[in-house]
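What you are looking at is a predicted structure, and each value in this text was computed from that prediction instead of being measured. Start at 1 with the first residue, then count along the sequence.
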Amino acid sequence: MRIAIIGGTGDLGKGLALRWAKNHDIILGSRSQEKGAKVAEEYTHLAKQAFENEFKGSITGTENSQAASRGELVALAVPFESAMENARPLKSVLKNDQIVLSTMVPMRRVEKVFEYAPFVNVEPASGKVTILSAAEILAQELPPANRIVSGLHTMSAKRLSDLRKSVDCDIVLCGDEPEKVGRIARLIEEIPGVKTYYAGPLRVSSLLESVTPFIINIAAHSKKHEPLIKII
Ligand SMILES: NC(=O)c1ccc[n+]([C@@H]2O[C@H](COP(=O)([O-])OP(=O)(O)OC[C@H]3O[C@@H](n4cnc5c(N)ncnc54)[C@H](OP(=O)(O)O)[C@@H]3O)[C@@H](O)[C@H]2O)c1
């Protein structure tokens with residue numbers, strides 16, 4: 001599969017690129033074409049060292065929109081605060097059959113406690129409150145909504161980037177099109193030690209995203225520095 005990773009030069013992007021490059025063609029997206037290309041060279045070196053003759057894919061790097069236009073899957077791995085400014089320019093290059101993966105978690109830290117911070121809309125006339133997850137906001141920016149799959153929120157970039165180790169965690173996904181979620185699930189399950197679960201349509205994404213601050217708070221009060229989740 002051709003996989004574009006928007007923000008692929010960052011922590012999560014690195015881990016995904018290294019793991020998936022074993023069998024797939026990765027296109028790192030960056031705000032800077034030069035940075036994308038340079039980081040791709042670095043990751044190629046790491047992947048070749050780790051996988052040796054099992055390295056069947058490739059890693060190239062370019063500017064975000066260029067990357068997005070080439071990927072069958074376009075994974076967004078940028079900080080939530082800058083998500084929409086990075087996503088908006090992709091709208092004109094995306095085709096309807098491309099899948100968009102949202103990994104983003106809107107959260108903030110308030111007095112040492114991490115809180116989930118989705119977009120909250122209050123209708124002035126009725127007072128009706130609507131909570132929009134990162135994935136739902138992305139679906140508004142990059143319609144149609146049924147191309148969005150939401151997941152990987154509880155993945156650890158550090159564990160993912162350590163190619164000597166199995167990741168050993170479960171990942172919960174949601175999305176309106178089960179066939180598209182299934183394709184992403186199979187891709188994620190290629191990462192050693194990872195199993196996936198489907199949790200329903202995109203509107204449950206706020207539940208999935210909110211697990212990340214939940215486990216980070218647990219980490220702050222336990223010896224588990226990088227807690228991951230398992231469904232048992
Ligand atoms: N880190 C994790 O363990 C983890 C786990 C699960 C989910 N996530 C989610 O994955 C997303 C990426 O997390 P991350 O830790 O990989 O982020 P990061 O390393 O801080 O940033 C990723 C990339 O985003 C790009 N970017 C675009 N606009 C930016 C801006 N205004 N400021 C800074 N960087 C910007 C940068 O690439 P260029 O400079 O090349 O454009 C950067 O390398 C987040 O939404 C997070 O919630 C992270």
Side-chain angles (χ1 to χ4, degrees), residues 1-29 39-61 67 71-78 99-105 135 148-175 178-199 205 208-209 211-212 214-216 218-219 222-232:
M1 195 190 262
R2 280 189 320 281
I3 303 168
I5 307 177
I6 308 306
T9 58
D11 294 340
L12 183 65
K14 178 180 183 181
L16 292 176
L18 291 177
R19 295 284 182 172
W20 283 338
K22 188 176 178 189
N23 294 310
H24 302 276
D25 294 319
I26 310 300
I27 310 140
L28 299 181
V39 174
E41 270 180 37
E42 255 170 58
Y43 293 178
T44 301
H45 178 69
L46 292 174
K48 278 184 176 164
Q49 256 185 344
F51 300 129
E52 298 179 342
N53 55 6
E54 287 182 354
F55 181 46
K56 304 274 189 286
S58 65
I59 308 178
T60 54
E72 292 160 79
L73 163 64
V74 179
L76 253 98
V78 295
I99 304 175
V100 175
L101 173 65
S102 174
T103 65
M104 297 173 297
V105 179
I148 312 282
V149 173
S150 183
L152 284 171
H153 316 98
T154 52
M155 179 51 85
S156 156
K158 199 171 160 196
R159 289 277 282 268
L160 207 51
S161 299
D162 186 349
L163 300 181
R164 294 163 305 176
K165 290 189 186 147
S166 153
V167 179
D168 195 24
C169 73
D170 291 340
I171 289 296
V172 185
L173 299 164
C174 69
E179 187 270 331
K180 291 193 170 92
V181 180
R183 286 186 71 188
I184 303 305
R186 287 192 289 281
L187 192 62
I188 292 173
E189 292 197 351
E190 288 180 18
I191 301 168
V194 183
K195 183 168 165 40
T196 62
Y197 289 86
Y198 178 54
S205 191
L208 272 51
E209 294 169 17
V211 176
T212 302
F214 172 68
I215 59 174
I216 292 177
I218 294 173
S222 70
K223 290 197 174 116
K224 293 203 179 291
H225 296 301
E226 277 186 281
L228 296 166
I229 65 158
K230 281 237 173 210
I231 313 292
I232 55 169

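Between L18 and L160, every side-chain heavy-atom pair lies at or beyond the 4.5 Å cut-off. Within the 4.5 Å cutoff, the side chain of R2 has no heavy atoms near those of the H24 side chain. I171 is not listed as a side-chain neighbour of I191, based on a closest heavy-atom distance of 4.5 Å or more. With contacts defined as side-chain heavy-atom distances shorter than 4.5 Å, the pair I27/D25 does not qualify. Between M155 and V167, the closest side-chain pair of non-hydrogen atoms falls below 4.5 Å. L228 places none of its side-chain heavy atoms less than 4.5 Å from the side chain of D168.
Here the straight-line distance linking atom CG of L73 with atom CD1 of I5 works out to 8.0 Å at 0.5 Å rounding. Rounding to the nearest 0.5 Å places CD of E226 at 9.5 Å from CD1 of I215.
With W20 contributing its side chain and I26 its backbone, the two residues share no donor-acceptor pair below 3.5 Å. Proximity of a side-chain donor or acceptor of T103 to a complementary backbone N or O of L152 within less than 3.5 Å is not detected. Panel note: side chain E209, backbone A135; a donor-acceptor pair is recorded below 3.5 Å.
No salt bridge links K158 with D11; every basic N to acidic carboxylate O contact stays at or beyond 4.0 Å. Between E190 and R19 no salt bridge is recorded (no basic side-chain N to carboxylate O distance below 4.0 Å).
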What verdict does the side-chain contact (heavy atoms from CB on, under 4.5 Å) test give for I3 and L16, after you've listed the backbone C-alpha separation in whole Å, the side-chain angles of each residue and the deciding distance to 0.1 Å? CA-CA 10 Å; I3 303 168; L16 292 176; over 6 Å; no

V149 and R183: side-chain contact (heavy atoms from CB on, under 4.5 Å), yes or no, with the steps? CA-CA 10 Å; V149 173; R183 286 186 71 188; over 6 Å; no

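Evaluated for a side chain to side chain contact (heavy atoms under 4.5 Å, CB included) with I6, the options L76, L101, V100, L28 yield exactly one hit, L76.
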